[in-house]
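First comes the structure, then the notes that go with it.
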Amino acid sequence: MHDAFDPVPILEKLPLQIECMAAWEDWLLIGTKQGHLLLYRIKKETGCNQFEVTLEKSNKNFSKKIQQIHVVPNFKILVSLLDSNVYVHDLLTFQQITTVSKAKGASLLACDLQHTHTGEEVLRMCVAVRKKLQLYFWKDRDFYELQGDFSVPDVPKSMAWCESSICVGFKRDYYLIRVDGKGSIKELFPTGKQLEPLVAPLADRKVAVGQDDLTVVLNEEGTCTQKCALNWTDIPMAMEHQPPYIVAVLPRYVEIRTFEPRLLVQSIELQRPRFIASGGTNIVYVASNHFVWRLVPVSIATQIQQLLQDKQFELALQLARMKEDSDSEKHHQINHIQNLYAFNLFCQKRFDDSMQVFAMLGTDPTHVIGLYPDLLPTEYKKQIQYPNPVPGLSGAELEKAHLALIDYLAQKRSHLVKQLNDTDHHSSTSPLMEGTPTIKSRKKLLQIIDTTLLKCYLHTNMALVAPLLRLENNHCHIEESEHVLKKAHKYSELIILYEKKGLHEKALQVLVDQSKKANSPLKGHERTVQYLQRLGADNLSLVFPYSVWVLRDFPEDGLKIFTEDLPEVEALPRKEVLNFLMENFRPLAIPYLEHIIHIWEETGPQFHNCLIKLYCEKVQMLMKKYIESSNGLPLVPAGSEEGELGEYRSKLLAFLEISNFYEPDGLISDFPFNGLLEERALLLGRMGKHEHALVIYVHVLKNIRMAEDYCNKYYDRTQEGSKDVYLSLLRMYLSPPDVHCLGPIMVKLEEPQANLQAALNVLELHHGKLNTTKAIHLLPANTQISEIRTFLEKVLEENAQRKRFNQVLKNLLHAEYLRVQEERISHQQVKCIITEEKVCNVCKKKIGNR
């Protein structure tokens, strides 16, 4: 408890008995039981709580019975309930203005000054006449009926306006009556044991309703707006609202409380108080039958100081907002009180509430983090000051506190990240206690926040550590985060930290070290492979050395570092990768080249040439082993050999067939003259040396079918080098080359022999692809006509067909020509005569001679 008001006597031992009173500004109006109306002027003396009290006016014959008075300073009128009727008088002269004749027999009235949206003031009045409520409004110096009367279940004992409703207390129950056109009557609750109900208007246009020693606050819907009722030490007889206080008159003293927080602020013992009246802000009068006191507010600064000592921060905040200081001073004090309040909540172990208050403030987050053990460096934490010693936390309490801190830091982090793009990189934070240094740099604050979040997650929820570290804008302090992750043995998360900070070598070293530990989550080579795959072309200097151990121990998985279908892997410079594999892991160069050519569709000639050379080397090596073990090569078609030899030779032959990007001139020297003849023939064909290739097929391999397939493949009527390929085949059959002119390829051959039958077969089957004259000249002089009869018949028949086709085509073209000419003539015969009267179909104007 603290002193909110000082009671100062205003009138003592008044010879008349006070029946009612009202006040405004410096004026106090008292109605007595004897019918006197007294007007006092009360002026406060400077520098002390003394008042100069002057009786300005007295009317001894105001009325026989003064039941109720209500002043309306805005309209300078006094509304009175006198002798069960309603009168209106001038506020200063007491001259009667009007009377409400319909309200005769009234027992109670309640006035309400309403402010409309247009700024106009409307005075409304409710009068209780027996079991009816009459509603009036003030206009042109008179009261007029607002709407029809309301019938109520009993005679009202107490009532007050509440927005567009009237709360009425009867002998046993409270009711709420809507007067905004709905006209509904809602029963609220019983009045309790007290004989007289109590309804008092509040400053926020709600009403306080009493039920014995309890008071609840209702809105115009009749809904209770406070979580808990006020509990007085006795049954209140009257009350006034002086925010943030509610002042109630009890039988032996005046009690002062607050709604939020619910506090008993002060009890003032007075001699039998009965009445209370408010004359505006900080003007409260309490009266007994013959005494009047004024409750003078203690200065807000003094109250705040006392409240802070009592740790009543919420009430101190309300008073600080009411102080008449400059905006900057008021903001500074409010901020200070809120920080103390948040700190006190933390000391009470109300961590969530504390963090919510800190989140609302601009308090430096490091000062909040400093409330927790082991989250800030010791040297920095020593610089932070707190109002009282920070409570020690451990176990479940510490975990609960960490969870509240996580929510707070996540909110602060989000706010700071949004501000990072601002030109001003400084943060406007305030200290929890004056004199404590604050951090101005937003990036520095984010670094501390992210690092603290990491530590909190390690204490509360390990699953959130990795998502935090994966954030693109993660600002965790590297050394501090490295230390706590290693201490917690969180090596997977440590790898994420290194990766996001660009410390790839550190990450790879950890992966190498952990790969050999049996109990490590990073055991094995898979994580190393995955990490290297993501590094990309900019980090080749790390990819190559750290891939060595994987390629050596797990070549198939190691090759995935360079062949996985990932954008980073596909973008690696293929020439450098190939050189690295050729120098260090030559057997893996073939599968690498196969992948980039067949899967990634690489078209570079150097890669195609290299794959052919590697195939050639592999085949020759396998052939050598085969010959050594089997005393000769198997007599099977090329590529049909057993085992690896057949596999690689078929790959070589297929690649030479399908690839269009290798350069045969640079490869021919790698193929020996005494082996791989099929492959050599394919290269010669690509070089356009068809006769050399056909020599191999016809005279070395002695395979007529392969020779004809070759010709069929390369024959092209439109290409100079390929249109006579069948003629070359015919020449091979009829005029074999001299063995001494063929070079090393024919070393082991016998003298080539002519093959007239094969030549005649070519003539018959491919006569359309041969120059007839040249073919006949190649035939031996002793060739019989009967031997080439079929050939000649087919040639002549084909020529006759061609002639007939050309004649038909010529006649068709001539007929088309005549038809077009006829159509042209018919179009040219159409004529259009234009005269001066001719009108254009488009613009509807005469064409004339213009």
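- No side-chain heavy atom of Phe5 sits under 4.5 Å from any side-chain heavy atom of Val298.
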> Is there a side chain to side chain contact (heavy atoms under 4.5 Å, CB included) between His367 and Thr436 once you walk through the steps?
Replying inline: CA-CA 9 Å; His367 296 185; Thr436 306; 3.4 Å; yes
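- Side-chain contact check for Gln411 and Asp407: no donor-acceptor pair (N or O, by modelled atom type) lies under 3.5 Å.
- For the pairing with Ser63, the side-chain contact (heavy atoms from CB on, under 4.5 Å) check across Asp83, Asn85, Leu37 returns one residue only, Asp83.
- Counted by atom type alone, Thr233 and Asp213 present zero donor-acceptor pairs between their side chains at under 3.5 Å.
- Two residues are said to be in side-chain contact when any heavy atoms from C-beta on lie closer than 4.5 Å; Asp6 and Asn49 meet this criterion.
- Ring-plane geometry between Tyr341 and Phe313 is classed as tilted, the angle between the planes lying from 30 to 60 degrees on a 0 to 90 degree scale.
- Classified by interplanar angle (parallel below 30°, tilted 30° to 60°, perpendicular above 60°), the ring pair Tyr245/His2 is tilted.
- Gln95 and His89 share no side-chain donor-acceptor pair at under 3.5 Å.
- A donor-acceptor pair shorter than 3.5 Å can be found between the side chains of Thr363 and Asn339.
- Using a 4.5 Å heavy-atom threshold, the side chains of Lys102 and Asp149 count as touching.
- Cation-pi geometry between Arg124 and Trp138 is not met at under 6.0 angstrom from the ring centre and within 45 degrees of the axis.
- Dense packing is recorded around NZ of Lys44, with more than 12 heavy atoms of other residues, nucleotides or ligands lying under 6.0 Å away.
- Environment of CZ in Arg172: sparse, with no more than 12 heavy atoms of neighbouring residues, nucleotides or ligands closer than 6.0 Å.
- Between Met433 and Leu340, the closest heavy-atom pair is SD-CD2, 4.1 Å.
- In this structure the side chain of Leu250 never reaches within 4.5 angstrom of the side chain of Ile235, judged on heavy atoms.
- Ring pair Trp24/Trp27 is parallel by interplanar angle, where below 30° counts as parallel and above 60° as perpendicular.
- Judged by distance alone, the side chains of Tyr136 and Gln134 do bring a donor and an acceptor atom under 3.5 Å apart.
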